[in-house]
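First the structure, in the form of structure tokens, and then the observations on it.
All figures in this text were calculated on a predicted structure; none of them were measured in a lab. Just so we're on the same page: letters track the sequence lines, and every chain starts at 1.
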Amino acid sequence: MNKDYKDRIVRMSGAAVQKCMRCGKCSATCPNYGSMEYHPHQFVYMVERGDVERLMASPSVYECLTCFACVERCPRGVEPAKVIEAVRLEAVRQKGMNYFKPDDIPAQLDDDLPGQALVTALRKFAK
Amino acid sequence: MKIAYYPGCTLKNRARELDRTARETARMLGIEFEEIPEWQCCGGAYTSAKDEIATKLASVRALAAGREIGDGRVVTVCSACYNVLKQTNHEFETNPDFDLKVNNYLGGAPEYHGEGAVVHYLELLRDEIGFDELKKRVVRPLTGKKIAAYYGCLLLRPSSVLAFDDPENPKIMEDFLRALGAEPVVYPMRNECCGGYLTLSDREAARKRSNAVKESAAEFGADFMITACPLCLYNLTKNTDEPIPVRYFTEVLADALGLGGE
Ligand code: SF4
Ligand code: SF4
Ligand code: SF4
Ligand code: SF4
């Protein structure tokens, strides 16, 4: 476990991980819960414990939709989506870690796909 | 009245109908959308990390340019543009470091400190035109049509910043539909996510989300659905087995105001 990571995630996200009361409401409301290895409440408490590297290596960081349902519905104002975003950025900012590359795009194109989907995916999955 | 307009990249491309019907209906109602000169794509997603600066500059430049037009507010039609521009503008209030660094980046350009404002076209319809007045302007009411408004995420959350409507029980689009003479369908999944950009990386997950939304609308008897977001429209059309059609809110507005064909 690496305390530097924890400090960086907390600073980047601005999220109050220490306020979490482990109620699990964020995970209960998460629309993509079923596709995640680590769920929103786990992101929060694992970051709080400094257990960040396992999260960075997990595909779960790319399964968050940034729909902000967890942020809206957390009774303690913890903002789990911001924690997940910070962990994802920490991962994709490392050299060679872009999850989604411009080369991946052509295979995904169809005539109706809005540009919005592409720019958003690049912003989320690449640095 | 004249107002600065930020169309966004998608409205210049796949979602041209959203752009066209927004401008034409606004003009008919007495609002001139003046496109911000040389705007750039906002990136489609607001990054919440406090140390992200460069990816927010396009939004800041648009907000700063919008300040010179009309009363200084910027109107958007796409939900994503609305979310990104509004959250970026809000960051000036909460993150002094962001304000400082952004203005360093802007170099010679006039400083910007968040003095602009962002509104969605739906808010203009409600607050500037008024739904009562809108109702009077309708020439082809959508009588008997059961229409399900889909909010998705980006118009509503985070509500502490966007303050668009009640995030759990919104009503602006239902009131809009009533003004057009339609019967709004209120269904549980209207403010849950369609799967968004995961259509590119995990299409199966996006399919599940879109199907859940559309099944909910179908269960409550919708003839068709409306949205303000090109990506919602894509997911709800392409990533689903449920046949209910999905249209832009501006298209039904154009119909009701008697613009265009039929
Ligand atoms: S909803 Fe909030 S308080 Fe409850 S587990 Fe999630 S982060 Fe913790
Ligand atoms: S923002 Fe991410 S983690 Fe939070 S509810 Fe949505 S998908 Fe789940
Ligand atoms: S939100 Fe979408 S459409 Fe709007 S400018 Fe940004 S990326 Fe382009
Ligand atoms: S509903 Fe889908 S496209 Fe629409 S705002 Fe949410 S993720 Fe984006």
Exercise for the section: State plainly whether the residues D51(B) and R93(A) are in salt-bridge range, i.e. N to O under 4.0 Å. Expected result: yes
Fill in the blank from the handout: Turns out that what part of L233(B) lies under 4.5 Å from chain A's heavy atoms comes down to neither
Handout entry: Main-chain N/O of P158(B) paired to E72(A) side chain as donor or acceptor, under 3.5 Å
Key = no
Exercise for the section: Ignoring hydrogens and angles, tell me if any N or O in the side chain of Q116(A) forms a donor-acceptor pair with the backbone of T10(B) under 3.5 Å. Expected result: no
Problem - L198(B) versus F125(A), closest heavy-atom pair with distance - result: CD2-CZ, 4.0 Å
Handout entry: Under 4.5 Å from a heavy atom of chain B, the part of I9(A) involved
Key = neither
Handout entry: Under 4.5 Å from a heavy atom of chain B, the part of A117(A) involved
Key = both
Exercise for the section: Hey, could you give me the CG/CZ distance between N32(A) and R209(B), rounded to the nearest 0.5 Å? Expected result: 7.0 Å
Handout entry: Value rounded to 0.5 Å, distance of SG in C153(B) from CG in L65(A)
Key = 7.5 Å
Handout entry: Any side-chain heavy-atom pair of D112(A) and T237(B) under 4.5 Å
Key = no
Handout entry: Student check: side-chain heavy atoms of D202(B) and S35(A) closer than 4.5 Å
Key = yes
Practice task
Please round to the nearest 0.5 Å and tell me the distance separating atom OG of S48(B) and atom CG of L89(A).
Solution key: 7.5 Å
Handout entry: Which atoms of E204(B) approach chain A - backbone, side chain, both or neither, heavy atom under 4.5 Å
Key = neither
Handout entry: Under 3.5 Å donor-acceptor, R14(B) side chain and D111(A) backbone
Key = yes
Completion exercise
Checked M12(A), E79(A), R11(A) vs chain B; the most non-hydrogen pairs under 4.5 Å come from M12(A)
Handout entry: Heavy-atom proximity to chain B below 4.5 Å, by part of E63(A)
Key = both
Exercise for the section: Can you see which heavy atom on E85(A) is nearest to which on T47(B), and at what distance? Expected result: OE2-CA, 3.1 Å
Problem - Residue among A86(A), A69(A), S13(A), G14(A) with most heavy-atom pairs under 4.5 Å to chain B - result: A69(A)
Completion exercise
Bottom line for R73(A): the part with an atom under 4.5 Å from chain B's heavy atoms is side chain
Problem - Heavy atoms of other groups near Q18(A) CD, more than 12 under 6.0 Å - result: yes
Practice task
May I ask you to check whether over 12 heavy atoms, not counting those of Y45(A), lie within 6.0 Å of atom OH?
Solution key: yes
Exercise for the section: Would you check if S201(B) and Y62(A) make a side-chain contact, meaning some heavy-atom pair closer than 4.5 Å? Expected result: no
Completion exercise
Expected contact set for residues 91-105 of chain B against chain A at heavy-atom separation under 4.5 Å reads none
Handout entry: Trace of the side-chain contact (heavy atoms from CB on, under 4.5 Å) decision for T120(A) with L200(B)
Key = CA-CA 10 Å; T120(A) 307; L200(B) 284 167; over 6 Å; no
Problem - Reported CZ-to-OG distance for the pair F68(A) and S159(B), which is rounded to 0.5 angstrom - result: 11.0 Å
Problem - More than 12 heavy atoms of other groups within 6.0 Å of K171(B) NZ - result: no
Exercise for the section: Scan side-chain atoms only and decide if T66(A) and Y46(B) contain a donor-acceptor pair under the 3.5 Å cut-off. Expected result: no
Handout entry: N-O pairing of E52(B) and K124(A) below 4.0 Å
Key = no
